J.: 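Starting off with a structure, shown below.
Side chains included, hydrogens not; waters and symmetry mates left out as well; all remaining heavy atoms used. Predicted model only: the values in this text are computed from it and were never measured. Note that ligands are numbered from 1 as they come in the structure, with each ligand's atoms numbered from 1 the same way.
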Amino acid sequence: MIIDTDPGRQNAAAPAPAIELRGISKAFGPVQANKDISIKVEKGTIHGIIGENGAGKSTLMSILYGFYRADSGQILIDGKLTQIPDSQAAIRAGIGMVFQHFKLVENFTVLENVILGVESGPLLRPSLAKARRSLTQLARDYELNVDPEALIENLSVGHQQRVEILKALYREADILILDEPTGVLTPAEADHLFRILRNLRRQGKTIILITHKLREIMEVTDSVSVMRRGEMIATLRTAETSPQHLAELMVGRKVLLRVDKAPARPGRAVLEVENLRVVDDKGVERLRGIDLTLRAGEILGIAGVAGNGQSELLEVLAGIASGTGTARLNGEALDLSGRRSDGQTRRAAGVAHVPEDRHRRGLILDFTAWENVAFGYHGSPGYQKNALVMDHSAIMADTAAKMERFDVRPPDCRLAAKNFSGGNQQKLVLAREIERNPDLLLIGQPTRGVDIGAIEFIHQRIVALRDAGKAILLVSVELDEILSLSDRIAVMFDGRIMGERPADQTDERELGMMMAGMNGGVA
Ligand code: ADP
Ligand code: MG
């Protein structure tokens with residue numbers, strides 16, 4: 001019997017994996033970002049890496065790309081032990097990476113960006129023609145169409161991403177790593193990206209796709225590795241697993257992917273909106289006459305592609321943008337002048353607002369959790385010692401209790417908001433707004449950038465608020481989220497409501513048509 005002790009030797013029966021990682025560990029100070037990780041990725045496959053925020057996915061791939069050095073472990077490329085001390089070495093080993101945040105030069109053309117760092121100085125001119133030819137060829141081979149002469153700053157995000165891919169292919173990458181590539185894309189752009197990835201696979205390229213979206217894993221990968229808290233939990237064939245199973249492996253416990261809710265029992269009208277209009281500071285009409293009614297005990301979902309007036313609708317109702325028309329809360333007209341102080345008046349009237357952009361509007365990142373929870377509510381009875389002095393210890397105790405109920409981790413109310421993960425920041429904002437027991441909750445993109453475990457929790461809290469008889473206006477660009485949470489769905493397009501449907505009498509196809517501006521056929 002021959003015992004193969006040479007890790008570098010190829011086995012004739014099975015080709016060596018394109019990538020093999022053995023026992024990779026990496027710590028950042030006290031944080032063990034990767035713990036003894038081993039995986040193999042077969043050549044010519046699309047391999048997914050899935051895990052919640054902070055699981056260690058980006059760290060692992062940054063080690064493979066030579067951006068970080070592992071504390072221990074080995075990397076084998078095509079069965080050969082390979083040192084990757086920096087990204088130049090990674091490129092020499094045939095590895096290309098498309099980062100979460102693109103590293104393109106804005107005021108350069110596509111062509112210039114692609115050859116940047118490969119060709120240099122006096123040799124630049126003659127090679128431009130050659131580069132243009134090979135770019136055209138690559139574009140043809142892989143459906144990667146972009147105008148080589150276009151300036152990066154004029155390209156959509158989806159096109160900029162294609163430039164990143166072209167850049168890697170121009171450097172003759174055989175292995176392509178994409179880190180959360182669809183986070184910035186529209187559904188149509190994401191579909192196009194997946195077509196490109198399948199083309200690349202057909203040409204024998206090996207692709208690693210990092211994502212936290214189960215749907216993408218199921219749709220496009222051949223195999224998938226699950227990471228949790230720095231560890232590699234499992235590697236599976238995609239065809240032999242399910243979203244439910246992957247979610248459980250990611251979170252480490254059973255998770256409800258579907259929202260569990262009883263039919264709504266709508267009561268009196270809480271919010272009545274008529275002919276609501278908003279003109280932005282460039283004079284463009286962003287809301288062109290919105291009419292809607294929202295009742296106690298129901299969730300009205302507003303679907304639509306981002307930028308069709310949903311943000312303006314939330315902001316004018318929250319009192320932070322100005323508009324015309326009428327909006328009545330419990331029969332009382334709301335002030336639509338959008339004066340700065342009006343957020344305060346709204347809260348007193350029973351309106352809570354979880355803004356879409358929680359970094360800009362929801363939280364002050366340098367302030368502690370307890371300061372953020374008091375933010376906007378500092379005048380509240382339980383929060384003051386007397387007319388002038390806030391009762392810090394009372395606010396801290398209240399915050400700690402809220403953080404416990406909302407399972408905010410870590411449960412430390414003295415920590416600055418910026419030190420919490422996206423999901424936990426969102427839970428802080430929700431805790432502040434929901435626990436005030438509002439009549440009307442305005443909530444935008446409730447689970448953007450949030451982990452599955454936290455999504456389940458947030459959805460349950462929204463449904464619980466509905467069942468307590470509150471009215472909820474939900475804006476989300478995630479159609480899945482709209483479909484699973486809403487009792488009624490209105491679709492916005494170009495500042496108008498294109499149509500409205502009971503959630504159980506419509507589907508993605510019909511809503512998708514209205515989102516594209518086609519009237520789904522008013523019933
Ligand atoms: P993922 O990509 O799965 O969201 P990351 O690999 O980015 O996870 O992060 C894993 C852990 O390592 C997290 O706790 C993160 O805060 C930490 N981490 C990542 N990069 C650094 C860094 N440069 N310095 C300190 N800690 C880091
Ligand atoms: Mg990451």
J.: Tell me whether the NZ or CZ atom of K402 lies within the 45° cone about the ring axis of F406 and under 6.0 Å from its centre.
T.: no
J.: Tell me the contacting part of E52 for ligand 1: side chain, backbone, both, or neither, using a 4.0 Å heavy-atom threshold, strictly below.
T.: backbone
J.: Going by the order shown, which atoms of ligand 1 are within less than 4.0 Å of some heavy atom of Y68?
T.: 20 (N), 23 (N)
J.: Not counting sequence neighbours, which residues clear side-chain hydrogen bond (donor to acceptor under 3.5 Å, both in side chains) with S156? List them please.
T.: H159
J.: Could I get the full list of side-chain hydrogen bond (donor to acceptor under 3.5 Å, both in side chains) partners for T221, not counting sequence neighbours?
T.: T238
J.: Please confirm whether G56 comes under 4.0 Å of ligand 1, counting heavy atoms of the residue only.
T.: yes
J.: Mark yes or no for whether E433, through its side chain, and L430, through its backbone, hold a donor-acceptor pair below 3.5 Å.
T.: no
J.: Is it the case that ligand 1 has an N or O less than 3.5 angstrom from some N or O of G54?
T.: yes
J.: Checking side-chain polar atoms at under 3.5 Å, does T206 have a donor or acceptor matched by the opposite partner on E42?
T.: no
J.: With heavy atoms of A55 as the reference, note each atom of ligand 1 found under 4.0 Å away.
T.: 1 (P), 3 (O), 8 (O)
J.: Has T59 got an N, O or S atom lying less than 2.8 Å from the Mg ion (ligand 2)?
T.: no
J.: Would you mind finding which of T59, D179, I63 brings a heavy atom closest to atom 6 (O) of ligand 1?
T.: T59
J.: Is the cationic atom of R409 (NZ for Lys, CZ for Arg) positioned less than 6.0 Å from the six-membered ring centroid of F420 and within 45 degrees of its normal?
T.: no
J.: Hey, which atoms in ligand 1 end up nearer than 4.0 Å to a heavy atom of S58?
T.: 1 (P), 2 (O), 6 (O), 7 (O)
